[in-house]
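Structure first, commentary second.
As the structure is a prediction and not an experimental result, all values here were calculated from the model. Every heavy atom of this structure was used, including side-chain atoms; hydrogens, water molecules and symmetry mates were not. The sequence lines fix the lettering, A, B, ..., with proteins before strands; numbering per chain opens at 1.
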2 protein chains.
Amino acid sequence: MENDRLNAGKSITIYDIAEEAGVSASTVSRVLNGSASVRKEKKDRIQSIIDKYNFKPNALAKGLSDTATKTIGIIAADVRNPYYSALFVACEIAAEKAGYSVGLANSLGVKEREQSQLDLLLQQKVDAIIQMGGRVDDLITDDAYAEKVRSVCASTPVIVTGKLDKAPVHRVVIDEAEGMSLVMEHLIGLGHSKIALVGGEMRVASTFYKYQRYQEKLNAHGIKVNGEYVVNGSYDPESGYDATNKILALKDRPTAIIAINDFAASGALRSIREHGLRVPEDISVVSFDNTYIADLMSPKLTSIDYNYDKYGQKLIDTAVAVSAGKEVEDLQMVEPVLVIRDSTGACYN
Amino acid sequence: MENDRLNAGKSITIYDIAEEAGVSASTVSRVLNGSASVRKEKKDRIQSIIDKYNFKPNALAKGLSDTATKTIGIIAADVRNPYYSALFVACEIAAEKAGYSVGLANSLGVKEREQSQLDLLLQQKVDAIIQMGGRVDDLITDDAYAEKVRSVCASTPVIVTGKLDKAPVHRVVIDEAEGMSLVMEHLIGLGHSKIALVGGEMRVASTFYKYQRYQEKLNAHGIKVNGEYVVNGSYDPESGYDATNKILALKDRPTAIIAINDFAASGALRSIREHGLRVPEDISVVSFDNTYIADLMSPKLTSIDYNYDKYGQKLIDTAVAVSAGKEVEDLQMVEPVLVIRDSTGACYN
DNA sequence: TTGAAAGCGCTAACAC
DNA sequence: GTGTTAGCGCTTTCAA
């Protein structure tokens with residue numbers, strides 16, 4: 001190794017502190033962790049030396065001897081998506097309050113990455129793993145992935161934001177159907193009955209559940225389901241744009257559009273504008289996720305919010321509790337809330 | 001501890017592998033790292049046992065005995081901002097390619113957090129720290145912070161995306177002035193001479209440099225600088241909105257607006273629309289950062305891009321090189337590029 | 001090529 | 001209360 005320079009910053013250890021204080025390392029350890037009582041006099045002396053050097057114990061050594069690292073690994077589908085970044089930051093803050101630190105890895109929709117990231121977190125001996133999005137979004141659990149997670153669960157608790165059959169994970173999930181109920185009641189209450197659904201894939205559980213409830217609600221209100229009003233696709237602006245173009249080409253246009261998320265909604269808005277229609281006068285738009293994008297759009301979007309702070313808190317609470325061996329419900333629900341802004345209005349047709 | 005259940009998943013160690021293979025732990029270590037030659041026969045046998053159990057060495061133990069952890073800590077101002085999330089993911093990908101993993105901490109604009117996060121990363125023995133945004137954005141370096149970083153630098157290389165006087169850090173920064181030059185040449189080339197600047201704070205270095213170049217360019221083109229055309233504020237939509245409202249209230253309205261970032265630009269667009277003006281027919285809008293927001297807006301925004309992939313790569317290359325003790329230039333520049341979309345057009349006034 | 005032994009920095013019995 | 005000792009799991013001399 002050619003990094004002689006670096007070794008200049010040779011870090012100070014608990015032994016250095018002990019020596020200068022004229023005590024043993026264990027005593028220093030005790031004041032560091034408050035794990036046992038130390039005579040006030042010594043304690044103060046030791047503490048002052050710790051402060052003097054701004055000594056921080058080596059987390060690796062600590063984690064190696066302890067059974068816990070006070071670290072929670074988070075695998076997110078993609079933090080560039082504001083949904084995940086909002087949730088991640090909420091987790092980071094909640095974790096910090098609980099004395100934990102978090103690690104982040106992005107799977108970017110690549111199955112292999114999810115698996116290798118699980119391995120990496122295992123190597124790092126995180127106390128728990130939170131998986132947000134990715135394979136756990138699948139309506140039909142991928143067998144190989146479930147198998148992998150099962151083996152991980154043997155040593156480390158796993159908490160997911162979706163579903164994962166045949167693996168002993170804890171789940172903290174959004175009540176998607178309830179979210180759709182809120183949206184439908186809102187629109188129907190405004191007088192809409194021609195309601196379209198754009199974006200999303202049915203292989204994704206959250207989308208499927210929304211779709212189911214969408215149909216249920218239409219039926220419950222005696223509204224005929226029009227297959228042409230549902231155009232699936234993906235979760236990006238383009239997808240919302242394309243789907244909306246198709247829908248606006250119908251002879252019998254809907255008066256309201258539900259976008260699978262804020263990104264798709266932005267595309268829908270663009271399409272609507274290009275068709276010379278106004279929102280919400282001619283057509284209402286609602287979306288899911290209530291990321292800051294909803295607030296950026298003109299008009300500002302009515303959207304389903306999940307209270308990211310609470311959601312993150314729940315995720316962390318669960319991770320902490322489970323890793324401490326406590327009993328926690330396998331399934332916890334996050335209740336969505338409808339945030340009404342300027343993109344929805346009464347139906348005049 | 002009540003987590004008996006967890007200990008069931010007692011992880012397998014290098015000794016277990018060694019025992020089953022009938023060799024010593026050192027030999028297993030050697031095949032694991034390819035650090036020395038092991039007889040083919042043994043090597044294969046050991047490898048197959050490793051594969052069989054999908055054994056992954058404990059990173060804590062490894063980091064403790066090694067001098068490197070192959071981990072890079074990243075402190076970002078706020079990953080919820082797409083600028084940082086794009087950069088972070090680019091870093092993650094680049095790091096992965098180099099055999100490193102990254103950790104992320106958000107300082108959220110809180111000075112104390114930045115400092116405590118530095119300590120945390122130090123404890124975790126990361127090989128290098130990359131600080132993006134936060135105190136390093138300050139035009140005037142905060143003394144206490146510089147002092148802190150200086151002490152960190154003694155043991156761990158620090159790379160920043162901004163400036164930090166009096167601390168031996170490496171810098172990988174955007175050529176802000178060049179970005180502004182591109183913007184100004186573009187607008188002036190389109191015939192604009194009444195150009196406004198909205199959002200941003202002068203205490204932030206990147207903003208200040210942009211402002212300087214803005215003035216230089218006006219002067220160079222013989223355009224009189226109109227103080228009313230510069231309305232500072234912050235970096236969010238509201239700020240862009242408020243600033244633009246002020247500017248559009250002027251008797252002599254500008255024909256082009258430069259927003260400090262995409263968020264501010266979104267607010268500017270809203271204000272312009274509310275004034276019944278069209279973009280780009282009545283007024284052109286350009287912004288900085290070219291986050292995906294630029295693509296979400298209607299019209300899509302002309303914006304300055306930094307090529308996040310390359311930027312992240314440079315950051316990681318620097319971190320890896322410096323932590324290996326290699327000589328690296330103290331200051332590296334990232335060249336911006338103008339991405340022209342639909343929000344800018346010729347000036348007809 | 002391979003194994004034994006020491007050590008990385010810290011914690012946790014166990015004695016005193 | 002406090003020191004001693006023995007690990008935690010891995011790497012790395014040093015011998016053989």
Quiz prompt | With B:R39 via side-chain hydrogen bond (donor to acceptor under 3.5 Å, both in side chains) - residues at least two apart | solution =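 Scan of B:R39 (side-chain hydrogen bond (donor to acceptor under 3.5 Å, both in side chains), adjacent residues dropped) gives none.
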
In this structure, how many angstroms lie between the [atom2] atom of [N] and the [atom1] atom of [X], rounded?
X: A:I46; N: D:dG1; atom1: CD1; atom2: P; answer: 14 Å
X: A:Q123; N: D:dG9; atom1: CD; atom2: C1'; answer: 13 Å
X: B:E19; N: C:dA4; atom1: CD; atom2: P; answer: 13 Å
X: A:K125; N: D:dG9; atom1: NZ; atom2: P; answer: 8 Å
X: A:L64; N: D:dC10; atom1: CG; atom2: P; answer: 9 Å
X: B:K70; N: D:dC10; atom1: NZ; atom2: C1'; answer: 16 Å

Exercise. Would you tell me if any nitrogen or oxygen in the side chain of B:S24 comes within less than 4.0 Å of OP1 or OP2 on C:dA4?
Key: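 For B:S24, the contact criterion (side-chain N or O under 4.0 Å from OP1 or OP2 of C:dA4) is not met.
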
Practice problem: Could you tell me whether the phosphate oxygens of C:dT1, OP1 or OP2, come under 4.0 Å of any side-chain nitrogen or oxygen in B:K42? | Solution: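 For B:K42, the contact criterion (side-chain N or O under 4.0 Å from OP1 or OP2 of C:dT1) is not met.
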
Would you mind listing every salt bridge (charged side-chain N to carboxylate O under 4.0 Å, His left out) that reaches into [range], with sequence neighbours excluded?
range: residues 16-28 of chain B; value: B:E20-B:K52
range: residues 94-108 of chain A; value: A:E96-B:R113
range: residues 314-323 of chain B; value: none

Exercise. Indicate whether the side chain of B:D51 and that of B:Q47 have a donor and an acceptor atom separated by less than 3.5 Å.
Key: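 Yes, a side-chain donor-acceptor pair sits under 3.5 Å.
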
Practice problem: Using a 4.0 Å cut-off on protein heavy atoms (strictly under), produce a 5'-to-3' string for nucleotides 10-16 of chain C with B for base contact, S for backbone-only sugar-phosphate contact, and - for none. | Solution: BSBB---

For residues 68-76 of chain A, dump all side-chain donor-acceptor pairs below 3.5 Å to protein atoms at least two apart in sequence or in another chain.
| from | atom 1 | to | atom 2 | distance (Å) |
| --- | --- | --- | --- | --- |
| A:T69 | OG1 | A:K125 | O | 2.7 |
| A:T69 | OG1 | A:D127 | OD1 | 3.2 |
| A:T71 | OG1 | A:T69 | O | 3.2 |

